[in-house]
Amino acid sequence: MNTRGKLIVFEGVEGSGKTSQIKLCSSWLQSLNISVVVTREPGGTDLGLQLRRLLLEAGNSIADKTELLLYAADRSQHVHHNLMPNLAKGAIILCDRYTDSTIAYQGWGRQMNIATIEQLNLLATDGLQSDLTILLDIDPEISLKRILQKRKLDRIEQADLAFHHRIRQGYLSLAKKSPEKIVVVNGNQNIEQVASEIQQLLISLLKISLTEVKS
Ligand code: Z5A
């Protein structure tokens with residue numbers, strides 16, 4: 001019997017609502033007695049937390065290639081010490097960012113070679129792909145305003161707006177190429193509307209019966 005769990009990834013520009021939706025989705029699944037593992041990149045392991053601090057601290061000067069390799073190092077550790085062992089136990093994993101973030105940010109944003117990034121993603125993941133990627137699509141001008149209402153921008157968020165627009169285009173291009181795997185959800189709706197669309201996607205992916213949802 002195949003007991004492999006499911007890897008569900010949330011992607012989008014900063015402030016698109018990934019963290020909020022992962023929280024809502026996790027509570028909803030738990031209310032249906034489906035236990036979940038919530039994790040993120042960078043920072044889904046002890047080592048990853050240290051890499052996350054280095055990567056995001058405002059003021060750190062990091063060469064583009066160094067940045068790419070640090071994200072790959074974080075991912076390799078995450079895949080081998082968190083994702084693979086949990087999937088082998090049958091876990092439903094909700095993961096904030098994965099390989100498409102590197103294509104969008106380092107590939108489209110920093111304009112590094114996408115074929116090289118794909119090879120690096122393969123090396124880091126040993127080919128582990130998401131079962132479903134939910135792309136919360138939103139204009140970065142709106143999403144960065146959301147963040148600024150709560151806190152200061154981090155090192156990557158401080159980049160110019162053209163950088164963030166390229167990232168959004170990168171994500172949309174990935175979704176166009178793999179519509180069976182990456183589903184675009186309009187992130188510029190209210191939180192409840194976004195959550196409801198995500199629930200419909202998960203009902204279908206996890207084959208949750210409607211009686212479970214109603215009871
Ligand atoms: N990065 C990379 O370059 N390459 C890689 O390979 C990987 C990552 C893996 C990680 O940051 C950074 O690393 C990220 C990409 C880069 N760039 N930066 N900076 P992160 O993942 O920890 O953080 P983030 O995704 O960039 O931002 P965030 O603050 O966590 O945003 P979010 O999770 O998408 O949104 P949120 O926290 O749920 O919501 C933001 C605010 O908006 C908050 O006040 C909410 O209450 C509000 N919100 C949420 N939804 C709504 C709706 N629907 N309406 C109105 N307001 C809303």
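Order of listing sets the numbers, starting from 1, for every ligand and every atom in it.
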Mark up the atoms of ligand 1 that fall under 4.0 Å of a heavy atom belonging to [X], in ascending order.
{"X": "Glu41", "answer": "9 (C)"}
{"X": "Arg52", "answer": "20 (P), 22 (O)"}
{"X": "Ser20", "answer": "36 (P), 38 (O), 39 (O), 45 (C), 49 (C)"}

Please state which part of [X] comes within less than 4.0 Å of ligand 1, counting heavy atoms only: side chain, backbone, both or neither.
{"X": "Arg40", "answer": "neither"}
{"X": "Asn190", "answer": "backbone"}
{"X": "Lys18", "answer": "both"}

Does ligand 1 have any atom sitting under 4.0 Å from a heavy atom of [X]?
{"X": "Lys23", "result": "no"}
{"X": "Thr99", "result": "no"}
{"X": "Gly12", "result": "no"}

[Y] versus [X], side-chain donor and acceptor atoms under 3.5 Å:
{"X": "Tyr71", "Y": "Arg97", "result": "no"}
{"X": "Asp46", "Y": "His81", "result": "no"}
{"X": "Glu11", "Y": "Tyr171", "result": "yes"}

Closest protein heavy atom (residue, atom, distance) for [atom]:
{"atom": "atom 26 (O) of ligand 1", "value": "Glu14 CG, 2.8 Å"}
{"atom": "atom 33 (O) of ligand 1", "value": "Thr19 OG1, 2.3 Å"}
{"atom": "atom 35 (O) of ligand 1", "value": "Gly17 N, 3.1 Å"}
{"atom": "atom 13 (O) of ligand 1", "value": "Tyr71 OH, 2.8 Å"}
{"atom": "atom 53 (N) of ligand 1", "value": "Gln189 O, 2.8 Å"}
{"atom": "atom 3 (O) of ligand 1", "value": "Gln106 NE2, 3.0 Å"}
{"atom": "atom 19 (N) of ligand 1", "value": "Asp154 OD1, 2.8 Å"}
{"atom": "atom 31 (O) of ligand 1", "value": "Gly15 N, 3.0 Å"}

Task: Listed once per pair and sorted, the side chain to side chain donor-acceptor pair (under 3.5 Å) pairs that draw on residues 51-61, sequence neighbours left out - done: none
Open item on the list: Could you report the tightest heavy-atom contact between Gly44 and Thr39, atom names first, then the distance?
Closed with: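 Nearest pair, atom of Gly44 first, then Thr39: CA-OG1, 3.5 Å.
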Task: Heavy-atom pair with the smallest gap, counting every atom of Ser143 and Glu14 - done: OG-O, 2.8 Å
Open item on the list: Minimum distance, heavy atoms only, to atom 52 (C) of ligand 1: which one of Arg146, Gln21, Arg75, His78 is it?
Closed with: Arg146
TODO: Name the option, out of Asn186, Ile167, Thr102, that contains the heavy atom nearest to atom 6 (O) of ligand 1.
DONE: Thr102
Hey, quick one: are [X] and [Y] part of the same hydrophobic cluster, counting side-chain heavy atoms closer than 4.5 Å, chains of contacts allowed?
{"X": "Leu56", "Y": "Leu70", "value": "yes"}
{"X": "Met112", "Y": "Val13", "value": "yes"}
{"X": "Trp28", "Y": "Ile134", "value": "yes"}

Going by distance only, is there an N or O of [X] that falls short of 3.5 Å from an N or O of ligand 1?
{"X": "Pro42", "answer": "no"}
{"X": "Tyr105", "answer": "no"}
{"X": "Val194", "answer": "no"}
{"X": "Arg97", "answer": "yes"}
{"X": "Lys150", "answer": "yes"}

Task: Separation of Leu120 CG from Ile103 CD1 (nearest 0.5 Å) - done: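 Going from CD1 on Ile103 over to CG on Leu120, the span is 10.0 Å.
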- [ ] Apply the side chain to side chain contact (heavy atoms under 4.5 Å, CB included) test between Phe10 and each candidate in Ile198, Thr133, Thr19, Val185; give the one that qualifies.
- [x]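 Of Ile198, Thr133, Thr19, Val185, side chain to side chain contact (heavy atoms under 4.5 Å, CB included) with Phe10 is met by Ile198 alone.
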Task: Ile191 vs Gln21, side-chain contact (heavy atoms from CB on, under 4.5 Å): CA-CA, chis, key distance, verdict - done: CA-CA 8 Å; Ile191 291 190; Gln21 292 302 329; 3.7 Å; yes
Task: Arg110 to Tyr105 six-membered ring, cation-pi geometry met (6.0 Å, 45°) - done: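 Relative to the ring axis of Tyr105, which defines the angle, Arg110 lies outside at least one limit.
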Task: Set of residues satisfying salt bridge (Lys or Arg N to Asp or Glu O under 4.0 Å) with respect to Arg168, sequence neighbours excluded - done: Asp137
